[in-house]
Structures are given as C-alpha cells and as structure tokens.
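Notes for the one structure printed next.
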Amino acid sequence: MRLSRHRRNSTWGTLERRFSDGRQFVNAEMLLKSNFPLLLRQVEDKDLYQAVFENIRLFGESSGSMEKNFLIRSELDYHQKRRVGTMLQRIPAIVNDEFRQGRIGSRKAVFTIGLSHVADIIKYLRENRVSVLSPLFTALKHEDYVDSLNLAKEDFGISIIIPRTLINDREEMERNKLKVF
C-alpha cells in the first residue's frame, strides 16, 4: 500500500517528533509496533548478546589500566561485530520461513538496530560479506568469522533509515563512524 504524499509527510513528521522527544524513551521497534500491525521475530544470537553484555559490564566496572581497558574494548568490539553480522545473516532465513508459512504476504521485513551498528552494516554490504577478525591481543582467542552475505545470496535489498535529528547531529554521526553528507 502506498501512502499519499500528504499522509507520508504526516507520518514522517510524527516519527520525527516521537524520536526527538527526550522525555520518553522510544526506539524504532517500539514505535513501529505501537503504530502498525507487525509480526515481530528476534534475530539475536543469545550467546553473542550475553558476551556483549558481559564485556559492557566489565568495561563499565573497570578502573584498570589503559592496557586492561584496551583488552576489554577489543573483546567488546569483536563480539559486537560478530553479533551484528550474525543478525544480518539470519534475516533471509527468518523472512523466507515466515513467508513460506503464510504469516507474511511478501519477502519483506524491517530490521531495527542502533545507530552505532550502522557503519558495520554498511561495511558488510559494501564488501558483500561479513568479515570479523579475532582481536590479536586478548587472552581468549576467537575464530575469525568470514562468510558471504546471505542478504546478497538471497537477493534481498536493504534501505537504511536514520531519523533526520540524528543525521543533523554531526557529532553523533561522527561518533558512530558515519560520514555526514
């Protein structure tokens, strides 16, 4: 269904106002679910989520040396990149499964994720693969993870939507390694 230009502008205005309101926490998933009849599926890998959570906790509690903080941060970055790559890799199978079972009418989905992960997603899309190398200087050695991108293999298109309030925030865009146009 296509929205009329007036309705589309009204919808975007509503979205922009909701995301700009700092008095109440709202993320894209919450906003979409409250305004549209969506089927929600989790693409998160629980083990990677736990690894990220644990590294964030360690990093937050750390009052150690710069070297210790560097090691924790290296672990965190590795697990975050693996987590995002794994989620991207799972999308086609989940969408195809929902379509085959008749729960959705077309092979389309909305994937919501934080701005801090967008640079990695763009990198994976440009390279047409997920490539995450193990950190060199950590106590635990991890496997390198390299795989061609399932989104491309399955011929899925992707659009990235970022609220204007974030795009207009040059510091936030730079902090998240996104080029401001």
Report task. Please lay out, stage by stage, how Thr112 and Val110 fare under the test side-chain contact (heavy atoms from CB on, under 4.5 Å). Result -> CA-CA 6 Å; Thr112 61; Val110 175; 4.0 Å; yes
Report task. Provide the closest heavy-atom pair for His142 versus Pro135 in the form atom of the first, atom of the second, distance. Result -> CD2-CD, 4.1 Å
Query raised in the report: If every non-hydrogen atom of Ile162 is compared with every non-hydrogen atom of Met173, which pair is closest and at what distance?
Result: CD1-CE, 4.5 Å
Requested in this report: Begin from the C-alpha positions of Arg73 and Asn69 and carry the test side-chain contact (heavy atoms from CB on, under 4.5 Å) through to its verdict.
Outcome: CA-CA 6 Å; Arg73 183 60 193 234; Asn69 287 342; over 6 Å; no
Requested in this report: Identify the residue among Arg82, Arg90, Arg83 that makes a salt bridge (charged side-chain N to carboxylate O under 4.0 Å, His left out) with Asp45.
Outcome: Arg90
pair [X]-[Y]: side-chain heavy atoms closer than 4.5 Å:
{"X": "Glu44", "Y": "Met87", "result": "yes"}
{"X": "Leu166", "Y": "Arg164", "result": "no"}
{"X": "Leu178", "Y": "Ile122", "result": "yes"}
{"X": "Arg129", "Y": "Asp147", "result": "no"}
{"X": "Tyr78", "Y": "Asp144", "result": "no"}
{"X": "Lys153", "Y": "Ser148", "result": "yes"}
{"X": "Phe156", "Y": "Arg107", "result": "yes"}
{"X": "Gln89", "Y": "Val130", "result": "yes"}

Take atom [atom1] of [X] as the centre, draw a 6.0 Å sphere, and report whether it contains more than 12 heavy atoms from other residues, nucleotides or ligands.
{"X": "Glu143", "atom1": "CD", "answer": "no"}
{"X": "Lys46", "atom1": "NZ", "answer": "no"}
{"X": "Arg103", "atom1": "CZ", "answer": "yes"}

**Report entry** Intermediate values then yes/no, salt bridge (Lys or Arg N to Asp or Glu O under 4.0 Å), Lys81 and Asp77
**Finding:** CA-CA 6 Å; Lys81 290 177 188 319; Asp77 289 346; over 6 Å; no
Give, for atom [atom1] of [X] and atom [atom2] of [Y], the distance between the pair rounded to the nearest 0.5 Å.
{"X": "Leu58", "Y": "Leu71", "atom1": "CG", "atom2": "CG", "value": "11.5 Å"}
{"X": "Phe111", "Y": "Arg41", "atom1": "CZ", "atom2": "CZ", "value": "13.5 Å"}
{"X": "Leu115", "Y": "Asn176", "atom1": "CG", "atom2": "CG", "value": "4.0 Å"}
{"X": "Leu32", "Y": "Leu38", "atom1": "CG", "atom2": "CG", "value": "6.0 Å"}
{"X": "Tyr124", "Y": "Leu149", "atom1": "OH", "atom2": "CG", "value": "10.0 Å"}
{"X": "Ile158", "Y": "Leu125", "atom1": "CD1", "atom2": "CG", "value": "5.0 Å"}

Query raised in the report: Any ion pair linking Lys33 and Glu29 (charged N to carboxylate O, less than 4.0 Å)?
Result: no
Starting from [Y], can I reach [X] by hopping between I/L/V/M/F/W/Y residues whose side chains sit under 4.5 Å apart?
{"X": "Leu48", "Y": "Ile121", "value": "no"}
{"X": "Tyr145", "Y": "Val43", "value": "yes"}
{"X": "Ile91", "Y": "Val132", "value": "yes"}

Query raised in the report: Is there a side-chain contact (heavy atoms from CB on, under 4.5 Å) between Leu76 and Ile56 once you walk through the steps?
Result: CA-CA 7 Å; Leu76 175 59; Ile56 289 172; 3.6 Å; yes
Requested in this report: Decide yes or no on side-chain contact (heavy atoms from CB on, under 4.5 Å) for Leu39 and Ile104, but give the supporting numbers first.
Outcome: CA-CA 8 Å; Leu39 171 70; Ile104 58 175; 4.2 Å; yes
Query raised in the report: If only atom types and distance count, is the side chain of Asn55 paired as donor or acceptor with the main-chain N or O of Ala51 below 3.5 Å?
Result: yes
Query raised in the report: Between His79 and Glu54, does any side-chain donor sit less than 3.5 Å from a side-chain acceptor?
Result: no
